[in-house]
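Structure first, commentary second.
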There are 2 protein chains.
Amino acid sequence: MQKNTLAGDSNVPEAKTLVESAYHALRRDIIEGRLAPGAKLRVEHLKNDYGVGAGTLREALSLLISDALVVSQGQRGFRVAPVSLDDFADITRTRVMLECEALRQSMAAGDDAWEGELIVAFHRLSKAEERLGNAAGEGEWEERNKIFHEVLIAACPSRWIKHFLSILYQQAGRYRHLSISLKPLPRNVHTEHEALFNAVMARDAEKATAIMAEHIELTFRSIEALPEELRQGATA
Amino acid sequence: MQKNTLAGDSNVPEAKTLVESAYHALRRDIIEGRLAPGAKLRVEHLKNDYGVGAGTLREALSLLISDALVVSQGQRGFRVAPVSLDDFADITRTRVMLECEALRQSMAAGDDAWEGELIVAFHRLSKAEERLGNAAGEGEWEERNKIFHEVLIAACPSRWIKHFLSILYQQAGRYRHLSISLKPLPRNVHTEHEALFNAVMARDAEKATAIMAEHIELTFRSIEALPEELRQGATA
DNA sequence: ATTTATTAAAATCTCGAGAATTTATGTTGA
DNA sequence: TCAACATAAATTCTCGAGATTTTAATAAAT
């Protein structure tokens with residue numbers, strides 16, 4: 001199981017080592033907001049919470065710097081990466097650019113097998129979206145939505161674009177989590193996904209990228225209106 | 001001195017901690033080819049070479065994963081990231097896309113102060129290029145070339161694009177080093193830089209991005225012809 | 001009252017040794 | 001000769017304790 005490779009860590013977070021398990025646990029806690037933006041990450045305290053030694057935890061934190069979820073500062077330890085509206089806007093714009101380019105390339109290169117995978121991914125996502133009201137189906141939808149977006153660009157030959165996109169997707173997911181408690185999604189995401197799916201299957205690159213851009217920007221706009229909570233990266 | 005921040009580590013590699021100094025030393029040795037692509041990085045052996053403890057070295061290696069210069073694999077230790085012609089081609093294409101976009105945005109947003117910095121950077125680079133025949137001036141040119149490219153896109157407001165570009169620039173530099181011993185640059189780099197500079201100062205975005213794209217692709221084509229050395233990431 | 005200096009506490013950073021896993025080696029059997 | 005298995009070596013992974021540095025608290029001085 002290749003890890004920390006450009007290919008992407010889209011697979012199961014099966015941890016073969018304590019460093020990896022601490023890495024995954026910390027990443028989840030940051031993305032899901034249990035560790036507040038800007039919060040200080042004291043090794044002495046956290047090593048108890050995650051049940052590992054100090055050195056092991058430090059290594060896990062170093063790994064999280066790759067994802068830009070943690071920042072370190074000379075002799076002053078680690079902190080959760082701060083958040084800001086500007087940052088989220090930047091993430092959104094950059095994601096639109098890269099994801100549209102990746103989608104174009106993927107549609108140009110994708111063969112029948114790819115189409116098959118896409119159909120499966122869309123079907124699984126649709127099923128999850130039907131029962132999205134249930135509280136239990138939340139994590140399920142999250143996972144399948146991620147896979148759907150990954151499969152959409154899977155046929156893009158550029159490993160680097162996909163690598164950067166996986167980072168940005170993770171970042172965007174963090175912002176969504178930080179705001180999901182306040183504002184439930186009022187849009188009909190399924191309709192957007194369906195339109196995107198149809199345009200891709202019809203190999204209409206213009207239409208597909210336009211929908212994709214709108215789709216990404218909507219997740220930004222639906223959140224834009226809740227500033228105070230995450231302005232300047234609360235120094236918790 | 002903020003480190004490991006999106007803002008970029010373009011400043012002096014002044015190390016405030018042993019981890020950082022080991023990180024910088026290792027990075028240099030990988031980029032300059034002293035640690036061969038694909039080579040195994042045995043902690044027990046390397047901790048002597050770099051004069052640090054095992055845990056410290058592991059942490060430095062974890063940091064290098066952010067730069068995609070090191071890969072780790074479950075319970076099987078660290079390796080220098082492999083290289084391939086495909087990868088270099090991918091890096092080049094992605095860089096062209098991002099750097100042209102960044103340049104467009106930078107030209108649109110850059111004010112007088114930015115123009116001033118650009119003039120300084122270009123002048124310093126030109127001076128270094130005059131005495132480029134000298135063996136001593138090699139590292140000097142390298143540094144100033146990097147700064148010139150950084151200043152060109154400095155006014156681009158997207159921190160993420162600049163972050164990704166700094167990674168790609170580093171990667172490209174590695175490929176250049178891996179091949180520089182075989183093929184000295186036959187092109188007149190200064191002429192390219194001058195044309196680029198003039199187009200930017202004239203605020204001609206079309207022309208500037210065209211030159212930039214050609215400029216980046218040339219560093220790829222001048223290297224393309226030396227495969228055997230770096231195919232498939234020599235398992236040294 | 002604000003600033004400066006001194007002291008104490010807390011946290012980070014660092015190291016070397018021990019446990020678990022992988023890799024290499026050598027032996028036995030078909 | 002080759003394959004499968006057991007043993008040995010090497011390496012990775014992990015932990016807890018000690019040295020440095022930062023941060024906070026307290027007291028003195030302008």
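Just so it is clear, the structure is predicted and the values come from calculations on it, not from any experiment. So that the names make sense, note that chain A is the first sequence line, chain B the second, and so on, each numbered from 1.
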Review point. How far apart are the C-alpha atoms of B:E20 and B:K16, what are their side-chain angles, what is the distance that settles it, and do they pass the salt bridge (charged side-chain N to carboxylate O under 4.0 Å, His left out) test?
Key: CA-CA 7 Å; B:E20 289 179 19; B:K16 291 199 66 167; over 6 Å; no
Practice item. Nearest 0.5 Å please: distance from the CG atom of B:L69 over to the CG atom of B:L26. Key: 10.0 Å
Review point. Under 4.0 Å between a side-chain N or O of B:T17 and OP1 or OP2 of C:dT12?
Key: no
**Study point:** Value in whole Å for how far the P atom of C:dC13 lies from CG of B:L57
**Key:** 16 Å
Exercise for review: Could you check how far CD of B:E20 sits from C1' of C:dT14, rounded to whole Å?
Suggested key: 14 Å
Review point. How is B:L41 classified with respect to the nucleic acid when contacts are heavy atoms under 4.0 Å: base, sugar-phosphate, or nothing?
Key: sugar-phosphate
**Study point:** Non-hydrogen atoms of A:K162 and A:C156 that approach each other most closely
**Key:** NZ-O, 2.9 Å
Review point. Hey, is A:E217 close enough to A:R93 for a salt bridge, meaning N to O under 4.0 Å?
Key: no
**Study point:** CA sep, side-chain torsions, deciding dist, call: A:S62, B:S62, side chain to side chain donor-acceptor pair (under 3.5 Å)
**Key:** CA-CA 6 Å; A:S62 300; B:S62 299; 5.5 Å; no
Point to revise | Residue mapping more 5' on DNA chain D - nearest nucleotide basis, A:V19 or A:Q75 | key: A:V19
Check your understanding: With a non-hydrogen cut-off below 4.0 angstrom, is B:E44 in contact with a base, only sugar-phosphate, or nothing?
Key -> base
Check your understanding: For B:R79 and C:dT22, what is the distance between atoms CZ and P respectively, to the nearest whole Å?
Key -> 15 Å
Point to revise | Lys/Arg N to Asp/Glu carboxylate O, B:K146 vs B:E142, below 4.0 Å | key: no
Exercise for review: May I ask you to evaluate whether B:R76 reaches the phosphate of C:dT23, defined as a side-chain N or O under 4.0 Å from OP1 or OP2?
Suggested key: yes
Point to revise | Rounded distance (Å) that lies between atom C1' of C:dA19 and atom CG of A:L18 | key: 12 Å
Point to revise | Strand contacts (DNA chain D) in residues 46-53 of chain A, 4.0 angstrom heavy-atom criterion | key: A:V52, A:G53
Practice item. Have a look at B:G55 and say if it touches a base, only the backbone sugar-phosphate, or nothing, with a 4.0 Å heavy-atom cut-off. Key: nothing
Check your understanding: Taking only side-chain nitrogens and oxygens of A:K16, does any of them come within less than 4.0 Å of OP1 or OP2 of C:dT22?
Key -> yes
Review point. Do NZ/NE/NH1/NH2 and the carboxylate oxygens of A:R176 and A:E32 come within less than 4.0 Å?
Key: no
Review point. What's the NZ-P distance between A:K40 and C:dA11, to the nearest Å?
Key: 9 Å
Review point. For B:E117, what residues pass the side chain to side chain contact (heavy atoms under 4.5 Å, CB included) criterion, not counting sequence neighbours?
Key: B:V151
Exercise for review: Anything under 30° is parallel, anything over 60° is perpendicular, the rest tilted; go ahead and classify B:F88 against B:F220.
Suggested key: perpendicular
Review point. Of all nucleotides in DNA chain D with an atom under 4.0 Å from a non-hydrogen atom of chain A, which is the first and which the last going 5' to 3'?
Key: D:dC13 to D:dT23
